[in-house]
Amino acid sequence: METQLNPIPSLAEMAAEGKVPEVVFWVGCAGSFDDRAKRVTQNIARILQHAGIQFAILGEEEACTGDPAKRAGNEFLFQMMAFQNIQVLNGYGVKKLVTGCPHCFNTIKNEYPDLGGHYEVIHHASLIQELLDSGKLSVRGGAFKGKKITFHDSCYLGRANGIYEAPRQVLEALDADLAEMKKSRAHGLCCGAGGAQMFKEAEKGKTEVNHLRAEQALETGAEIIAVGCPFCHTMMSDGVKHHNKEMEVKVMDVAEVIGHGLH
Amino acid sequence: MVEQVLFILMLAVGVGFFVRSISKIRRNIFLGRPLQINDRKPERWKTMARVALGQSKMVLRPVAGFFHILIYVGFVLINIEVLEIVLDGITGSHRMFAHYLGDFYAVAIGFFEVLAVLVMLACIVFLARRLSGSPARLSSTQLKGWANTDALLILGIELVLMTALLVMNAAEGAMPGAEVAPFLVSSRISPLFSGLNAETLHWIERLAWWFHAAGILGFLNYLPFSKHFHIVLAFPNVWYSNLEPKGKFANHQAVKREVELMMNPEAEVQSATAESELPIKFGAKDVQDLSWKQLLDAYSCTECGRCSSECPAHQTGKLLSPRKIMMDTRDRLEEVGRNIDAHGKEYSDGKSLLGDFITEEELWACTTCNACTQACPVNIDPLSIIMDLRRELVLEQSKAPGALTAMFNNVENNAAPWPFSPADRGNWRLTSH
């Protein structure tokens with residue numbers, strides 16, 4: 001069931017009214033600009049509103065966390081971005097952030113504290129799981145009941161931060177038939193986008209990483225490949241297209257799957 | 001008496017040479033940048049107990065894990081018998097533990113013999129794996145030259161040493177009126193010696209004893225030149241392993257000072273005093289620019305290739321192989337060490353890890369996914385070396401691929417890796433879904 005979004009304030013607008021949000025939604029660059037990822041962003045917002053959580057975004061005050069710069073070797077640019085973001089966040093006295101991207105999540109959670117940014121950071125899959133557990137959010141299996149779904153672990157959610165179960169529990173709440181790929185959790189294969197690969201051509205090889213990973217996902221026979229990262233989303237969608245399966249198999253973010261099941 | 005003197009001489013030379021090799025490796029490791037790792041000690045001991053002692057990551061691949069444990073347990077326990085050999089050699093006694101253990105002695109030796117047979121079985125399985133080309137990561141197509149020879153030599157030497165042990169015990173058991181023998185396994189080979197007189201048997205026993213003792217000392221001295229040195233370094237290497245979340249990449253502290261200065265000039269005074277005496281390097285071009293822990297990693301690597309077999313770049317046929325990153329680092333470090341031995345500390349051969357050993361194409365293929373660090377049975381971190389070399393390319397040599405330079409420009413100018421305006425960041429709220 002898709003409902004219209006209520007107006008979402010920016011942190012500046014809320015501050016002007018003297019209000020402080022429960023949580024700041026850190027949208028991320030992909031979630032802000034990539035058309036496919038924007039739909040995920042809208043679903044995360046809808047879920048937050050559905051659960052009655054008062055939140056704000058940074059809007060034009062949000063800047064790249066610096067993750068791709070750091071992992072591409074440009075530590076200067078990373079720390080400059082971090083410095084600016086931390087000044088903005090600390091300026092508003094932000095305590096808690098929810099991110100729509102594992103890369104933003106990892107960087108703010110692990111690399112900002114040393115630079116003066118101390119926040120409670122949560123990835124949207126974990127937040128959705130918390131909301132389901134606490135009963136603030138309820139979902140109906142509906143279209144997903146009994147459907148075969150496989151979850152692709154993002155490196156920066158899984159191996160990087162040990163979050164494997166939250167997205168799976170969220171999918172199980174829909175009574176979906178969860179299928180595991182032969183490589184999953186700590187041994188999951190990367191989609192090929194991390195470490196700034198998203199922004200460059202891959203080096204020469206026998207095949208592309210996303211083609212191989214999509215093949216592993218398709219082997220499960222799942223109708224839906226669930227992801228928790230905008231980069232994985234793009235890579236897996238392209239991988240499924242490469243195998244000419246885009247008509248049968250959909251790639252969806254956990255937030256989109258749950259967004260469909262809201263009631 | 002002559003035997004004793006000969007033995008003590010052999011032992012002294014063997015141990016002396018080993019100590020010399022170890023001190024060279026120690027010196028090489030500490031050519032690396034200083035780094036302090038002494039926090040969270042209880043967690044470090046626990047990690048070492050679980051991962052190194054308990055082989056918890058080895059057994060994730062059950063076949064290799066099982067046979068590896070056979071060799072590992074065999075090696076550790078048979079060393080008790082080696083201790084007896086050493087003490088016998090020094091004191092001139094014969095099987096001195098028998099005197100203290102009584103009837104239990106034959107049971108204990110029998111147990112060691114069972115272990116020896118299991119070690120031999122595991123060595124044969126491992127040789128078969130390597131020679132059959134399956135798994136590919138161990139085949140001579142992936143491990144060429146010395147790396148392949150080294151692996152085969154280790155297994156061969158272990159087979160020979162275990163054979164010598166059994167022959168020695170069998171000869172002991174075949175001797176008429178033997179007091180301590182027969183033993184569980186070697187008694188089955190003793191019939192081979194039937195018909196030989198006591199003197200010949202004595203010679204066979206002595207020969208096997210000397211062969212075994214010399215073999216062990218020889219093998220000990222082979223270790224520092226071999227990947228097999230992991231049996232020593234796996235333990236400290238795991239103790240010093242990274243306990244932070246794998247996604248947390250250390251922030252470069254010199255860059256932190258520079259950025260603080262740039263963003264907040266008032267910090268200048270404070271920052272100037274905090275300046276370290278070491279020249280500031282933002283990346284790593286050669287092994288000396290890496291930390292001692294990264295160099296310890298290189299010496300701890302057994303070249304098993306689990307990292308590369310899990311690496312997305314390697315699996316899809318790219319040049320990058322995390323195992324090669326570690327082998328290159330060790331090879332280059334050994335080369336630098338040899339240069340120091342020959343020409344002194346200031347000498348430079350004009351070569352470097354980056355460029356002469358590891359190419360840019362390898363470095364740029366990494367997705368920083370941490371599959372390699374997850375797979376390593378002794379918690380080696382090839383990714384941190386890749387990151388340091390990337391930083392060298394970008395910050396010291398301005399050699400980023402064009403597409404990444406474009407991404408840097410976007411991040412710098414638009415605060416996003418793509419060329420979109422920051423003013424449009426909130427626009428997703430306006431469009432329908």
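Labels below follow one simple rule: chain letters A, B, ... track the order of the sequence lines, proteins then strands, and each chain is numbered from 1. These figures come from a predicted structure and were not determined experimentally.
Heavy atoms of B:Trp364 lying under 4.5 Å from chain A belong to its backbone as well as its side chain. For B:Gln315, the parts lying under 4.5 angstrom from a heavy atom of chain A are both the backbone and the side chain. If you measure heavy-atom distances from B:Asn427 to chain A, you find no contacts under 4.5 Å at all. At a 4.5 Å heavy-atom cutoff, the contact between A:Glu62 and chain B is made by backbone and side-chain atoms alike. Heavy atoms closer than 4.5 Å to chain B are found in the side chain of A:Gln84, but not in its backbone. Using a 4.5 Å cut-off between heavy atoms, A:Ile8 touches chain B through backbone and side chain atoms alike. With a 4.5 angstrom heavy-atom cutoff, A:Phe76 touches chain B via backbone and side-chain atoms both. If you measure heavy-atom distances from A:His211 to chain B, you find no contacts under 4.5 Å at all. For a residue to count as touching a neighbouring chain, one of its non-hydrogen atoms must lie under 4.5 Å from one of that chain's; by this rule B:Ser421 touches chain A with the backbone only. Using a 4.5 Å cut-off between heavy atoms, B:Leu60 touches chain A through its side chain atoms alone. With a 4.5 angstrom heavy-atom cutoff, B:Ala416 touches chain A via backbone and side-chain atoms both. Looking at A:Val27, only its side chain comes within 4.5 Å of chain B, counting heavy atoms on both sides. Heavy-atom distances place the backbone of B:Ala250, and not its side chain, under 4.5 Å from chain A. There is no contact between A:Phe105 and chain B, counting heavy-atom distances below 4.5 Å.
How far NZ of B:Lys256 is from CZ of A:Phe83: 11.0 Å, rounded to the nearest 0.5 Å. Here A:Gln87 contributes atom CD and B:Met263 contributes atom CE; the two are 7.5 Å apart, rounded to the nearest 0.5 Å. How far CZ of A:Phe199 is from OG1 of B:Thr405: 13.5 Å, rounded to the nearest 0.5 Å. Expressed to the nearest 0.5 Å, how far CZ of B:Arg391 lies from CZ of A:Phe78 amounts to 11.0 Å. Remark: B:Asp424 CG to A:Ser32 OG distance equals 10.0 Å, nearest 0.5 Å. Interatomic distance, CZ of B:Arg429 versus CG of A:Leu5, reported as 10.5 Å (0.5 Å rounding).
Salt bridge absent: B:Arg425 and A:Glu61 never bring a charged side-chain N and a carboxylate O closer than 4.0 Å. The pair A:Glu203-B:Lys318 does not meet the salt-bridge criterion, since no charged nitrogen lies less than 4.0 angstrom from a carboxylate oxygen.
Comparing A:Lys204, A:Glu201, A:Lys70 by heavy-atom pairs within less than 4.5 Å of chain B, the highest count is held by A:Lys70. Options A:Arg159, A:Lys38, A:Lys109 differ in how many heavy-atom pairs under 4.5 Å they form with chain B, and the most are formed by A:Arg159. The most heavy-atom pairs under 4.5 Å with chain B, out of A:Gly192, A:Gly205, A:Ala45, come from A:Gly205. With chain A as the partner, the residue from B:Gly283, B:Gly317, B:Pro312, B:Gly247 showing the most heavy-atom pairs under 4.5 Å is B:Gly247. Of the listed residues (B:Pro401, B:Cys366, B:Cys311), the greatest number of heavy-atom pairs within a distance under 4.5 Å of chain A belongs to B:Cys366. In terms of heavy-atom pairs under 4.5 angstrom with chain B, the leader among A:Arg71, A:His103, A:Lys200, A:Gln197 is A:Arg71. Of the listed residues B:Gly426, B:Ala365, B:Ala403, B:Pro422, the one with more heavy-atom pairs under 4.5 angstrom with chain A than any other is B:Ala365.
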*For B:Leu395 and A:Glu75, what are the C-alpha separation, side-chain angles and deciding distance, and is it a side chain to side chain contact (heavy atoms under 4.5 Å, CB included)?*
CA-CA 8 Å; B:Leu395 295 184; A:Glu75 180 77 8; 4.0 Å; yes
*Check the pair B:Lys246 / A:Asn161 against side chain to side chain donor-acceptor pair (under 3.5 Å), numbers first and verdict last.*
CA-CA 7 Å; B:Lys246 285 187 186 298; A:Asn161 290 294; over 6 Å; no
*So B:Met262 and A:Met80, side chain to side chain contact (heavy atoms under 4.5 Å, CB included) or not? Walk me through it.*
CA-CA 9 Å; B:Met262 199 159 50; A:Met80 273 162 53; 3.5 Å; yes
*Going through the distances and angles, do B:Trp428 and A:Phe33 end up as a ring pair (Phe, Tyr, Trp, His ring centres under 6.0 Å)?*
CA-CA 8 Å; B:Trp428 58 269; A:Phe33 297 120; over 10 Å; no
_Worked verdict on A:Lys183 versus B:Glu310 for side chain to side chain contact (heavy atoms under 4.5 Å, CB included)_ = CA-CA 10 Å; A:Lys183 288 289 193 179; B:Glu310 293 286 321; 2.6 Å; yes
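Residues A:Glu111 and B:Asn251 are in side-chain contact: their nearest non-hydrogen atoms beyond the backbone lie under 4.5 Å apart. Side-chain contact between B:Thr316 and A:Lys206 is absent, with no heavy-atom pair separated by less than 4.5 Å.
For A:Glu120, the CD atom counts as loosely surrounded, since its 6.0 Å shell holds 12 or fewer non-hydrogen atoms of other residues, nucleotides or ligands.
Inspection of the B:Lys248 and A:Asn106 side chains reveals no N or O donor paired with an N or O acceptor under 3.5 Å.
Judged by distance alone, the side chain of A:Asn74 and the main-chain N or O of B:Val394 form no donor-acceptor pair under 3.5 Å. Although no hydrogens or angles enter the test, the distance criterion places a donor-acceptor pair under 3.5 Å between the side chain of B:Thr368 and the main chain of A:Gly195.
Contact between B:Pro245 and A:Asn110 at its shortest, heavy atoms only, is CG-OD1, 3.5 Å.
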